[in-house]
Amino acid sequence: MVDRAPVTAHVPAAHATAAAALGQRPAWRFHILVEIANFAALRRHLGCPRADLLVADVAARLAGVAPQTRITAVGRNLIEIAVEGDAHAEIDTLLDDLTLAGEKPFDLDGEPHDLSLLFGAASARIDQANDVSIVEEAEAALIEARAVDRTVMHDVTPSSAREARLLAVELGRAIEQDELLMVYQPKIHVRRQEINSAEALVRWRHPERGMVLPNDFIPAAEQAQIIDRMTLWTIAQVIRDQRTLRAAGHDLRIFINISGQLLADAAFVCAACDLVAESDAKLGFEVTETSVIRDPSSAIANLQRFADIGVTIAIDDYGAGLSSLAYLKQLPARELKIDKLFVTQLTSSNRDPLIVRSTIDLAHALEMEVVAEGVETHAALALLAVMGCDMVQGFLISRPIALEALIVFLRDDSHHQVPQDSRASFSRLATVWKRA
Ligand code: C2E
Ligand code: CA
Ligand code: CA
């Protein structure tokens, strides 16, 4: 969430939209976030008092090219523009005009300075998106804009919003009617040649749609705020499944995916801590870095609460979103999971091995273990082993499987002796992947 700083709003309603002139409501609404990307550098150069006025300079400049908009400064380096329009194409023209306006140097105390403005925007049909969804979509677009260093526009499409609502209602029922289940994907420790943890992934056995994968319902569950209930269900289920595993002689730490928005949800954090604390479970939580960046202080405090009750924290999808070393250092995380995007292309791209290598070194410097996810080939596994990657997970070793299948997998695995020398250890890993 952004801080609401003193408003430098500039709202001259110079001309209204054509629809408004005819007494009709315009069809579209747009929301644009403008960030001064080089704010920190400018502040060093200009000093804090002058830097704090920059946002007003930018707002005034942008108001000049976007007269019928509502422009608000919402932070030291962030401006929000809300506008309505008759046609979707208007947002493209507006973004072009704003970009052009921002490219001219700004006269700051008699000196010309280049400000680097970054735009994240969202559009929606006027009746089909509420204030929150369009603002959140624009925030998501800005996060993406930072990663790709150019303007990003998202559409809040009415059909997807409606579909998400529908799915969320059904999901509520699914939780009650036992339609959800957990599958497990083992992680292998490369040096120790052991499977000592697994990731739990949710599935929805839908009566009409068949098996629904999480990417098709987690975003809806997050949007409809039902993700807290669903995640508490997953934690309770994993605790039950872990007991079954232990009874079968397998002591594995099981990692659960926790959506970013839950890290700022005090009620969820309390309920999750209660569930874990009153069980004998050995759990881990996988969280993405972006979830921490949204509200760092409460996310870090809550992660610490989980860590204090023995939950291992892993940073998921590292490298896929905004990577911020500043936060990484502050997190009570013991594992770093390199996003599968880098791992699947490890042996076919020139750049990715460098990224993976430096990520492994960075994680080790921060005393974290590294997990490579998405290991699909022998070549990738061999390269990761040479690079010093601690753990691997992926289709090569095993797809995510039901609890019963995991027990069979682990039982067969325990028949193999742990070899001492590294060549033998490769051949042992081979026995695992050939079976998968
Ligand atoms: P994730 O946490 O990055 O999980 C890894 C995804 O990669 C899983 O997809 C897994 O099946 C897939 N995968 C594993 N090995 C390989 C491989 O070698 N190659 C490729 N190409 N893919 C591989 P899945 O199960 O469909 O889950 C997708 C995402 O949904 C997860 O991504 C996670 O973000 C989310 N998710 C899954 N279960 C839960 C849950 O219980 N709660 C929450 N909040 N999110 C969940
Ligand atoms: Ca994960
Ligand atoms: Ca992941």
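First listed ligand is number 1; within each ligand, the first listed atom is number 1.
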So which residues, sorted by chain and number, lie with a heavy atom under 4.0 Å of ligand 1?
Q185, E199, L201, V202, R203, P214, N215, I218, M230, T234, N257, S259, D316, D317, K340, E373, G374, V375, E376, G394, F395, P400
Decide yes or no for V83 and R70: does some side-chain heavy atom of the first lie under 4.5 Å from some side-chain heavy atom of the second?
no
Is it the case that the side chains of D280 and Q242 hold a donor-acceptor pair, with the cut-off being a distance below 3.5 Å and no angle test?
no
Is the cationic atom of K187 (NZ for Lys, CZ for Arg) positioned less than 6.0 Å from the six-membered ring centroid of F255 and within 45 degrees of its normal?
yes
More than 12 heavy atoms of other residues, nucleotides or ligands under 6.0 Å from [atom1] of [X]: is that the case?
X    : atom1 : answer
Q177 : CD    : yes
R203 : CZ    : yes
R150 : CZ    : no

Which residues and atoms, protein N, O or S only, are under 3.0 Å from the Ca ion (ligand 3)?
D316 OD1, D317 OD1, E373 OE1, E373 OE2
Have a look at Q237 and tell me which of I235, D241, T234, I239 forms a side-chain contact (heavy atoms from CB on, under 4.5 Å) with it.
D241
When the ring planes of H206 and W204 are compared, do they come out parallel, tilted or perpendicular, using 30° and 60° as the limits?
tilted
Should E176 and R229 count as an ion pair when the cut-off is N to O under 4.0 Å?
yes
Pairing of R253 and E335 as salt bridge, 4.0 angstrom limit
no
Could you tell me which N, O or S atom of E199 is nearest to the Ca ion (ligand 2)?
OE2
